[in-house]
There are 2 protein chains.
Amino acid sequence: MSESSDKAAPSRRRRHRGTGRGDSRRDELLHVASELFAENGYRDTSIADIAQRVGVTQQALLYYFGSKPALLDAVIDERDGAAVAFAEELAAIGGFDAIRAIPASARRNVAEPNLVRLFAVLVAENLPQHAVAHDHFVARYRRLRRIVAELIAEGQRTGEFATDIDPILKAAEIVAVIDGLNTQWLLDPDDVDIIGATEQFAEGLAGTLRARA
Amino acid sequence: MSESSDKAAPSRRRRHRGTGRGDSRRDELLHVASELFAENGYRDTSIADIAQRVGVTQQALLYYFGSKPALLDAVIDERDGAAVAFAEELAAIGGFDAIRAIPASARRNVAEPNLVRLFAVLVAENLPQHAVAHDHFVARYRRLRRIVAELIAEGQRTGEFATDIDPILKAAEIVAVIDGLNTQWLLDPDDVDIIGATEQFAEGLAGTLRARA
DNA sequence: GTCTATAGCGAGATAGAC
DNA sequence: GTCTATCTCGCTATAGAC
């Protein structure tokens, strides 16, 4: 999951060959930052904590990323997009097969709790309009809803899905269930069967979409 | 930052008549604290901010609450419980009438965005096991799920609901939809019709619960 | 590229006057 | 009950040596 896409570095110039091969120190910092942001949130994680865990000083981290918000951007760029990519996979499948594939997201999430936690925490932290990454998450959810809504609308066009469903409302619901189950599961993994709940949700959803008016 | 826990509370005794009527200064501080925690989160709100907004110094606030974590406890005590109370109302109604009443929660939430934001932020902040209020929220969600699951199980017993539904999984789903829609709506109120989405969800859910095996 | 040193700020909390 | 004063700490960021 950690492809080092060699983005424009915030600091002035490139440090080595631009061919995209691992800048190991930078990648290490990125990885640890993502872990600590997931555990403690952005605000409650100091760049010194991150640097220390990697074994360098805070100033070395700043050499790579320039500032703490820039580090956050880098983390988000590297690790977000999984959800959107998954939604696009579903859309590519289409129809009831896509609905049946929804629980795969729960399975992915269970396999990567830290990634899930990272975004759960970041989204909540960026609810206020003035937050650093607020606009990023607004755009992300809009995209997510649009992709899923289009999947539903397409199924309605082909006659597979019932037409008495508002695609965009249903899309918001689907995204909401996945997110909400993530939250409950992160809080209390032992008491929440996220895979089972997602499966049962998908079944019910299939029934709703199949239903005649 | 989990310095938490009961240090010596600065005032060992109650300051006013024990009958619980308004200690206006204290109530004012509590109210403003709840607003600012909702806007900026717990960690990013200083007790000085809160005190200033009320027109007193930070030290006056500490006189009442002793410490910042203690203030958080007080805020949670005062303002949480709405969700549980709502779930209990639904359970008291029972059956399809209860399902039909679910969208009322969305209407309440729209009316009190700050309260909703407060708990969205607090839940995320308390995802890690060591967080100050982690256990509180674990217990809260367990209670929520139990109440809703019992509502479903009861409907199954009376024969109103289909029996091929696992009550606890469905309960987690219902709570998840409400939470997840809240998040999307808080992030992007203009693009999310939380009431419409909740209504459509409730309709689909009713269909699922009605369905025969 | 990574370090030491340090500026500069804002936080939470305590002590004690009134 | 509320204030002023102050302590101490942790944080981000900059400057400059090596």
Side-chain angles (χ1 to χ4, degrees), chain A residues 4 6 9-18 21-30 32-33 36-37 39-75 125 131-133, chain B residues 1-18 21-30 32-33 36-37 39-75 125 131-133:
Chain A
S4 72
D6 203 350
S11 28
R12 21 210 155 262
R13 51 152 194 215
R14 294 211 109 47
R15 297 166 288 298
H16 10 93
R17 27 210 162 292
R21 202 57 280 136
D23 181 333
S24 76
R25 194 62 109 192
R26 189 175 188 278
D27 285 352
E28 247 182 301
L29 287 163
L30 215 42
V32 169
L36 290 185
F37 287 166
E39 272 171 46
N40 309 320
Y42 170 73
R43 291 171 179 147
D44 209 42
T45 300
S46 73
I47 54 177
D49 289 344
I50 299 164
Q52 190 192 27
R53 194 116 131 190
V54 171
V56 296
T57 61
Q58 175 224 130
Q59 291 77 3
L61 184 154
L62 284 176
Y63 166 79
Y64 287 105
F65 300 97
S67 74
K68 200 190 177 192
L71 170 62
L72 177 62
D73 284 345
V75 168
E125 254 179 349
V132 204
Chain B
M1 307 297 160
S2 6
E3 66 273 23
S4 95
S5 192
D6 51 8
K7 322 276 204 141
S11 48
R12 207 64 214 125
R13 42 126 209 233
R14 298 223 80 59
R15 297 167 287 302
H16 41 80
R17 28 221 158 284
R21 203 53 283 134
D23 179 333
S24 77
R25 195 61 108 192
R26 190 176 187 276
D27 285 353
E28 246 182 301
L29 287 163
L30 214 43
V32 169
L36 289 185
F37 288 165
E39 272 171 46
N40 309 319
Y42 170 72
R43 291 169 179 149
D44 209 42
T45 301
S46 72
I47 54 176
D49 289 345
I50 299 164
Q52 190 193 26
R53 194 117 130 191
V54 171
V56 295
T57 61
Q58 176 222 129
Q59 291 76 5
L61 184 153
L62 285 176
Y63 166 78
Y64 288 105
F65 299 98
S67 75
K68 200 190 177 191
L71 170 62
L72 176 61
D73 283 345
V75 167
E125 253 177 353
V132 203

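Below, read A as the first sequence line, B as the second, and so on, with proteins coming before strands; counting in each chain starts at 1.
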Of the candidates dC11(D), dT2(C), dT2(D), the side chain of Asp49(A) sits closest to dC11(D)

Asn40(A) atom CG is separated from dG10(D) atom C1', nearest whole Å, by 15 Å

Quick note, Leu62(A) side chain, CB onward, closest among dA13(D), dT2(C), dC11(D) is dA13(D)

From CZ of Arg43(A) across to C1' of dT12(D) the rounded distance in Å is 16 Å

* **Donor-acceptor contact present, side-chain Thr45(B) to main-chain Asn40(B), <3.5 Å** => no

Rounded to whole Å, CD1 of Ile50(B) lies from P of dA13(C) at a distance of 11 Å

Taken to the nearest whole Å, CZ/Phe65(B) to P/dG12(C) is 14 Å

| said: If you apply the rule side-chain hydrogen bond (donor to acceptor under 3.5 Å, both in side chains), what do you find for Asp49(A) with Ser46(A), and how did you get there? | reply: CA-CA 5 Å; Asp49(A) 289 344; Ser46(A) 73; 3.2 Å; yes

Taken to the nearest whole Å, CZ/Arg26(B) to P/dG1(D) is 13 Å

Rounded to whole Å, the CG-P distance (Leu72(A) to dT12(D)) equals 12 Å

- prompt: With no hydrogens and no angle check, is any side-chain donor or acceptor of Lys68(A) less than 3.5 Å from a backbone partner on Tyr42(A)?
  reply: yes

Between the CD atom in Glu125(B) and the CG atom in Leu72(B), the distance rounded to the nearest 0.5 Å is 8.0 Å

Testing dG12(C), dG1(D), dT12(D) for proximity to the side chain of Lys68(B), the answer is dG12(C)

request  = Report the C-alpha separation of Leu62(B) and Gln58(B) in whole Å, then their side-chain angles, then the decisive distance to 0.1 Å, and conclude whether the side-chain contact (heavy atoms from CB on, under 4.5 Å) test is met.
outcome  = CA-CA 6 Å; Leu62(B) 285 176; Gln58(B) 176 222 129; 3.5 Å; yes

Per atom distances to the Gln59(A) side chain, the nearest of dT2(C), dG1(D), dA13(D) is dA13(D)

Rounded to whole Å, CG of Leu29(B) lies from P of dG1(D) at a distance of 13 Å

Against the side chain of Gln58(A), the closest entry in dA13(D), dC3(C), dT2(D) is dA13(D)

With the side chain defined as heavy atoms from C-beta on, Ser46(B) is closest, among dT14(D), dA11(C), dA5(D), to dA11(C)

Picking from dC3(D), dA11(C), dT2(C), the nucleotide nearest the side-chain atoms of Thr57(B) would be dC3(D)

Closest of dT2(D), dT2(C), dA13(C) to the Ile47(B) side chain is dA13(C)

Notebook entry, point to check: Below 4.0 angstrom from OP1 or OP2 of dG1(D), is there any side-chain N or O of Arg25(B)?
Noted result: no

To the nearest angstrom, the OH-C1' distance between Tyr63(B) and dA17(C) comes to 16 Å

